[in-house]
Every structure is written in structure tokens, then in C-alpha cells.
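A short write-up of the structure that comes next.
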Protein chains: 2
Amino acid sequence: MKKTNARERLLGTAADLFTERGYGAVGINEIIAKSETAKASFYHHFPSKENLCLTWLEETHARSDTRHDAILNEPGDAEEKVIHYFASLKEWMKTKDFRGCPFTNTVSSLDKASPPISEQIELHKLSIRDFFSALAREMAPAGSASRRLGTTFFLLYSGATTEAQNLRSNWPIDAAVESVRHLISASKEASAKA
Amino acid sequence: MKKTNARERLLGTAADLFTERGYGAVGINEIIAKSETAKASFYHHFPSKENLCLTWLEETHARSDTRHDAILNEPGDAEEKVIHYFASLKEWMKTKDFRGCPFTNTVSSLDKASPPISEQIELHKLSIRDFFSALAREMAPAGSASRRLGTTFFLLYSGATTEAQNLRSNWPIDAAVESVRHLISASKEASAKA
DNA sequence: GACGAACCATACAGACTTGTCTGTTGGGTT
DNA sequence: AACCCAACAGACAAGTCTGTATGGTTCGTC
């Protein structure tokens, strides 16, 4: 039943609990209890709760990053890729009971500022923006217009995630998809006119 | 020095501390100490910390709502009103040290679900969307297009707030304004063509 | 077979949390 | 004068939190 590795068990249950209720609302006592691990083992692998959080965010970011690379290298239309990305966000929200972005939630829930965590969050957010920018560049190669388009996708994605969490509903994501669709077709018309 | 009313003092310092560090990271001991109030007086006016939070959100929402009404009844161009609203968000972020929406932050920082607080947050968010929808209706009276436009403004506003907090910078808000400007001019062209 | 790493259980320190309780002070009203 | 009520101070309960310390067990490798 137990995974053999105590470190993996700790990270796994910490990931579950942090995404479920947020960094601030979960104590290490609960983490070690749910992962069936001794407290001494926890402090053997992690110097502090904050470092556990950092490690969790790093691993989450790494997974997200390789997924973005895979999507970009995949064959297929950039427009479809963007729409599909929003669709998978809907799935995520449904399975995670409408808790939004782990990174954003961690920022809100941090009691005191922690430079390494803040840096990791910035890194992650900028990489998401870059992902959308790459897709935008693919579908509207004209310079300044595609730059704005990518950032607009990014902001719509962030807003949709935030408000789906606040309103405990997926309609903001559907609305964001509608906006994205409209933006794409409008940009096509503009480039056809030029 | 002290305001005469203990209740007002408590609400004021609670508002400051909650917006500064979030609901979860602030205890009532700190609130009563900073407001120079006895603990017994606190529990005389508020049944619990959670109720204090609810009251704070209610008052914040009420202020926001009357401000929206004032803006809508003001003379002036709807387009300028939207842009100006984003500009005042930039001011807010600067003075509040890049802490984002109090309502969104409270959702992330809540340890356990609280129905009255969740309802208050939904109410507030829907009222912001309605505000943007009213402005969109003013500048593009065509039915379905203005509906989408208002929701797009709302999502861009939310995303800009969230990411300005995450990245501790105002560039997401500037980018959102650029997107809004582009959307408005595109919608003008579309209605001119029809 | 010996060494060391990883793991286990458990007790503890010290500071923190929300909320309760007792008792006092002082101004305003009846 | 009697009463009410807001506000005060401060101790207390019962529990939480992170992190440390002690000591014992299992297991792979030299």
C-alpha cells in the first residue's frame, strides 16, 4: 500500500492537501499522518515546511513546462491547441473541486514573503505567458499584433481560472473560450484585409 | 487619538490587516492589540472572527457597489470610463503593495468553507461583471456582441489583478488596457460595417 | 559481520490560535 | 439613587502550530 519512498509519499500527500485547502491551512502534522510517515523522517528529507512547498511548486512547474513543450511540438492547428488547453482547464477545475491555480493560491495564503517561493511563482507565470505567446505567434505571425494576442490569452486564462474558483462554476471558462474564438477570427479577418 | 467607537476601530484595523496579509494569516489578538481594544469588547460586537471577516467583505462590497453606480450615472464616454477604471486599479495595486482582490484572496486563504462568506464573494463578483456589462451595452448596443464584450472586460480585469499580484508588477494591467482598447476599436469597426 | 543511511515512534519545547470568563470603570437614563 | 450598557484589563482553557531530540529498527553494501 505504502509507496516505498517516504519522500515521495510526503510530496504526494502534501501536493493533494495543498491544492485542496492551500498552503497556510495545512500543517505538517496532518501531512505526516496522512502519508503514514514519522515526523523525524519528514525533517530528514525537508529542512522546513516552506521548503516542502517550494519543492512541490518546482515539481508542478516542471510538469507544466514539459506539457507545454509537448503541445507546441505536437502537429495540429494552433487555434485548436488553445481551445483544447482551456478545455483541459475545465476538467482540472471539475476534478479539483474548483480550487484554482496552486501558484496563485499560494501567494494569497503565504503568511510572510518568501523570496524563493515568489521567484518560482513568477517563473511559472511567465512561462505560461510564453506558451500562449508562442501559440499566438503561430497563428498570426504579424509582429506586434501576435504579441498582444498572446498576452490577452494569458490574461483571459488567468481571469477564467480565478473567477471559476470564486464563483465555483465553469461558466467563466466557457466565456473565456468564446472571447478567444472571437479574437482569433477577428485577427484572421484583419490579416486577410492587409 | 482613538476613534470613540470600538467597533469602528476594530473593523478599520481588521480591514487593513486582512488586505495586507490575508484573512488566514491575521489573528484577533493582533487585531485587538493594533486597534487598542479589549478582547471582551471584540466579542461583544462580533460573535466570531469569521463574522468579522463577513462584515468587512459586506462593507467593502457596499462601497464598491455605490462607486459603480456613481460611475455609471456620471456623464462621459463609456470607453473612457472603462479605461479609467483600470487606471484606478493600478493606483490601488501600488498603494496596497500589490495585494490583489480582497475577495479572491479570502477564498484562497479560507481554511474551511463558509457559506455566508462564499455567497458574499459571489455577489460581489457578479456585481463587477454587471458593471462591465452595463458599460459594454452603452458602447455597443447590439445584443449578443455587447454581452460577450462585458464578460471579456470582466475576465481581463480579474486576470490583470491576479497576475499583477503574482508578478508584483503593473504590466499585466497595462496589457489588459491595451487589449480593452483593441477590443473597443474592433467592435466599433464591426458595427460601422453592419 | 560491520557500517551507515533511511526509517520508525514518541515525547517535548515554546509559541501561537480562538474563544470564555470574571470583575471593574464610567457615562447616561429613568 | 438605581440601573444599564459599553468598554476596559487580564487570566484562562484547550487546542493548534513548527521544529527538535532521543532512541530503536530495518536494509543494502562493503
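- You'll find that the side chain of Ala40(B) is closest to dT22(C), out of dT22(C), dA6(C), dC8(C).
- Side-chain nitrogen and oxygen atoms of Asn29(A) include none within less than 4.0 Å of the OP1 or OP2 phosphate oxygen of dT16(D).
- When distances run from any side-chain atom of His45(A) to the nucleotides dA7(D), dA6(C), dG19(D), the shortest one goes to dA6(C).
- Relative to the side chain of Tyr43(B), the nucleotides dT20(C), dA7(D), dC7(C) differ in distance, and dT20(C) lies closest.
- One interatomic measurement links the two molecules: CG of Leu52(B) to P of dT18(C), which rounds to 11 Å at whole-angstrom precision.
- The distance from the NZ atom of Lys125(A) to the CG atom of Leu167(B) is 8.0 Å, given to the nearest 0.5 Å.
- Nearest nucleotide to the Lys49(B) side chain, out of dA7(D), dT18(C), dG19(D): dT18(C).
- What separates CZ of Phe42(B) from P of dA9(D) is a distance of 16 Å, to the nearest Å.
- Note: CG (Leu10(A)) to C1' (dT18(D)) measures 15 Å, nearest angstrom.
- If you measure from atom CD1 of Ile31(B) to atom C1' of dC16(C), you get 15 Å, rounded to the nearest angstrom.
- Among the nucleotides dC8(C), dG19(D), dC7(C), the one closest to any side-chain atom of Ile28(A) is dG19(D).
- Side-chain proximity of Ser48(B) to dC8(C), dG19(C), dA9(D): nearest is dG19(C).
- For Lys39(A) against dG19(D), a side-chain-to-base donor-acceptor contact under 3.5 Å is present.
- Using a 4.5 Å heavy-atom threshold, the side chains of Leu52(B) and Ile31(B) count as touching.
- Contact record, Ser109(B) with Gly24(B): OG-N, 2.8 Å, taken as the closest heavy-atom pair.
- Rounded to whole Å, atom P of dC8(D) lies 15 Å from atom CZ of Arg7(B).
- Of the listed nucleotides (dT18(D), dT17(C), dC8(D)), dC8(D) has the atom at the smallest distance from the side chain of Ser41(B).
- Glu30(B) and Arg21(B) are joined by a salt bridge, as a carboxylate oxygen and a charged side-chain nitrogen come within less than 4.0 angstrom of each other.
- Atom CD1 in Ile32(A) sits about 9 Å away from atom P in dA9(C), given to the nearest Å.
- For the pair His44(A) NE2 and dG4(C) C1', the interatomic distance rounds to 11 Å; values are reported in whole Å.
- Going from atom CG of Asn5(B) over to atom P of dC5(D) covers 17 Å, rounded to whole Å.
- Side-chain atoms of Arg9(B) lie closest to dC8(D) of the nucleotides dA6(D), dG19(C), dC8(D).
- A cation-pi arrangement is present between Lys49(B) and Tyr23(B), with the terminal nitrogen or guanidinium carbon under 6.0 Å from the aromatic centre and inside a 45° cone about the axis.
- Toward the 5' end of DNA chain D, the nearer of the two residues Glu30(A) and Pro47(A), judged by each one's closest nucleotide, is Glu30(A).
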